Number of protein chains: 2
Amino acid sequence: MSDRTDDLGFSPAKMGRAGEDVALQIEAAILDGKIQPGESLPSERDLRDQFQTGRGVIREAMRALKEKGLVEIRKGAKGGAFVKEAEVKNASESLALFLKQRDVDPCCLVEFRESIDRTITILAIARSDEASKRQLEANAEKMASLLVNGDPDMATLAEMDRELNIQLAGMSKNPIFQWIMQAIQLGFSSHDDCLYADPYFRKETVANWQETTRQIAANEPMRALSSIGRHYALLLDCLQTRKETS
Amino acid sequence: MSDRTDDLGFSPAKMGRAGEDVALQIEAAILDGKIQPGESLPSERDLRDQFQTGRGVIREAMRALKEKGLVEIRKGAKGGAFVKEAEVKNASESLALFLKQRDVDPCCLVEFRESIDRTITILAIARSDEASKRQLEANAEKMASLLVNGDPDMATLAEMDRELNIQLAGMSKNPIFQWIMQAIQLGFSSHDDCLYADPYFRKETVANWQETTRQIAANEPMRALSSIGRHYALLLDCLQTRKETS
DNA sequence: GAGTTCCAAATGGTACGACAATTAAATAGA
DNA sequence: TCTATTTAATTGTCGTACCATTTGGAACTC
């Protein structure tokens, strides 16, 4: 049980790249489990003494660890840097950032997404429990109900679409698929918006989500895949239409 | 052509979370293309004036951007923060960190790779030209020849394995598959090493690569997929064996 | 003129000190 | 007992000075 004043094996930081050094030592301590998630590191001033350096160096190192998603920093008394449970979100943001900086052909993205979506669907049917499947179906139902109420809030629909995708990815019980799916949703949800901008595609897409989730809940993999195929056919059509009009 | 003294749209940082604010503004400027890769940001002292804040805040923001892989920092005259070309390495490391901290089962990674490998193979057969296919086959042949010469250099074999995977991914003509494959190869090739450490698995794996590339060159997708399946069955067996002995 | 050496400027890296802002806990008061 | 206030601990910010490294030019030597 590492407390705030514990003597972790921190050695004085080397000159020139002290910030790097400090960050690496603390990261190693976290990865070695010397500090458990939920516990806090010593205060910046304590760390400054342990590393025999300036407070600015410690702050830079903390900033780096925070960016990596390793710690969470709280202000005030009893504040400090608390070791965080690893979240797939950080890794996803990193991938999304990379994808954003490259301008990638939307068709390539659709192709890729369809590929992993099919696998995810198969895995979700095989591995997730009945409750999850019904929850997924209910969420698709909820999206459909929003539509009939004459409330075509595009932002809300797109958000629900993202959540359905991520929820489904989680049901695959494989964190790597979650990684990819979240990254795609973070970086390229704008392409999906076109599906919900047009009344026809909006109606078809929502109905397709209902069909897909229904087949998943019914443990019908082939029919679910067929429905997935329809989804991406719609998306490609929609992108094609948009390209022609622009 | 943004020069070091250009007036980018930076507004004074808000108190309380100035570091965040600065980092976000600069990141937005980079993502909007206001600063092109290779160009440099203003010096820390200039930025301090533009944001009307302290230099420590700027340094923390820079550290965050550096951690995200957005900039590269050089010391000395004509030094500063230079916008970097996006690298897949960062996303890879981020995922590796997550998987390590959460102690994710290697089988998840194998499952994921098999999934996209199958799609890549189909696409490669459909889209790549005959020359590429023959080149791929030749490279597998070369690996086999290394084996018969009684020169079991594990590092070389693993490297050739990586190259075969990336080459195949490139033949899919979809850059996303290529990036994902690179990310996986960068961060997690260590698992594959076990295939080449054991004489039996080494022999089988190399023979399997020959078979796979041969079927790809022959435009036989189903047989190629069958061979791919064999590859991952071997990998799972190998991991299982390793787990039992440890 | 060519090459070398040396120095000065620019820039990131470090250290230190002071104060502000925020938060949890202790304390005083009703 | 409950509430309001104070207090202490901690992060967040600012400023200054100085060190280390790199570049480029100036001065010097051959």
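Throughout, protein chains are lettered first and strands after them, A, B, ... in sequence-line order, and every chain is numbered starting at 1. No experiment lies behind these values; they were computed from the predicted model shown.
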Roughly, in whole Å, what's the span from [atom1] in [X] to [atom2] in [N]?
| X | N | atom1 | atom2 | value |
| --- | --- | --- | --- | --- |
| A:Lys78 | C:dA26 | NZ | P | 8 Å |
| B:Phe82 | C:dA10 | CZ | C1' | 12 Å |
| A:Phe51 | C:dA15 | CZ | P | 12 Å |
| A:Leu47 | D:dT10 | CG | P | 11 Å |
| B:Lys75 | C:dG13 | NZ | C1' | 7 Å |

Strand contacts (DNA chain D) in residues 56-65 of chain B, 4.0 angstrom heavy-atom criterion: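 Listed by number, they are B:Val57.
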
Heavy-atom contacts under 4.0 Å between residues 66-74 of chain B and DNA chain D, which residues?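 Contacting residues: none.
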
Return the angle between end axes of the helix from C:dG1-D:dC30 to C:dA30-D:dT1, with five pairs used per end and rounding to 10°.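 One end axis against the other gives 10°.
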
Indicate, with yes or no, if the rings of A:Phe98 and B:Trp179 have centres closer together than 6.0 Å.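 Centroid distance A:Phe98-B:Trp179: below 6.0 Å, so yes.
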
Counting side-chain heavy atoms from CB outward, which of D:dA8, C:dT14, D:dT13 is closest to A:Ala18?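 So the side chain of A:Ala18 is nearest to C:dT14.
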
Tell me which nucleotide among C:dG12, C:dA15, D:dT10 gets nearest to the side chain of B:Ser43.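 It is C:dG12.
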
Do B:Arg45 and C:dG12 share a donor-acceptor pair, side chain to base, under 3.5 Å?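 Per atom types, the contact qualifies.
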
Restricting to side chain to side chain donor-acceptor pair (under 3.5 Å), what partner residues turn up for B:Thr119, sequence neighbours left out?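 With sequence neighbours excluded, B:Thr119 shows a side chain to side chain donor-acceptor pair (under 3.5 Å) to A:Ser115, given in chain and number order.
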
5'-most by nearest nucleotide on DNA chain C - A:Arg48 or A:Arg17: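 So the residue in question is A:Arg17.
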
Salt bridge A:Glu159-A:Arg162, side-chain N to carboxylate O under 4.0 Å: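 Counted as a salt bridge, because a side-chain N and a carboxylate O are separated by less than 4.0 Å.
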
For residues A:Ile176 and B:Arg113, determine if any side-chain heavy atom of one lies less than 4.5 Å from a side-chain heavy atom of the other.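 No - every pair of side-chain heavy atoms lies 4.5 Å or more apart.
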
Partner set under ring pair (Phe, Tyr, Trp, His ring centres under 6.0 Å) for B:Phe188, not counting sequence neighbours: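 Partners of B:Phe188 under the ring pair (Phe, Tyr, Trp, His ring centres under 6.0 Å) test: none.
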
Show the nearest heavy-atom pair for residues B:Gly54 and B:Arg48, with the distance to one decimal.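 Heavy-atom minimum between the residues: C-CG, 3.9 Å.
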
For A:Val71, check side chain to side chain contact (heavy atoms under 4.5 Å, CB included) against everything at least two apart and list the hits.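 Side chain to side chain contact (heavy atoms under 4.5 Å, CB included) check on A:Val71 returns A:Ile30, A:Leu65, A:Lys66, A:Ile73, A:Ala81.
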
Could you tell me whether B:Arg74 sits above the aromatic face of B:Phe82, with NZ or CZ closer than 6.0 angstrom to the six-membered ring centre and within 45 degrees of the axis?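 Yes, B:Arg74 and B:Phe82 form such a contact.
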
I'd like to know if the side chain of B:Asn165 and the backbone of B:Asp161 have a donor-acceptor N/O pair within less than 3.5 Å.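 Yes, the answer is positive, given that a donor and an acceptor are paired below the 3.5 Å cut-off.
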
Does B:Ser172 reach the main-chain N or O of B:Ala169 with its side chain, forming a donor-acceptor pair under 3.5 Å?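 Yes; at least one donor-acceptor contact below 3.5 Å.
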
Could you tell me whether A:Gly76 contacts a base, only the sugar-phosphate backbone, or nothing, with contacts defined as non-hydrogen atoms closer than 4.0 Å?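 Result for A:Gly76 = base.
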
Have a look at A:Arg55 and say if it touches a base, only the backbone sugar-phosphate, or nothing, with a 4.0 Å heavy-atom cut-off.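 Answer is base: heavy atoms of A:Arg55 come under 4.0 Å of a base.
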
Donor-acceptor side-chain pairing of A:Asn139 and A:Gln135 below 3.5 angstrom: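 The answer is yes; a qualifying pair exists.
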
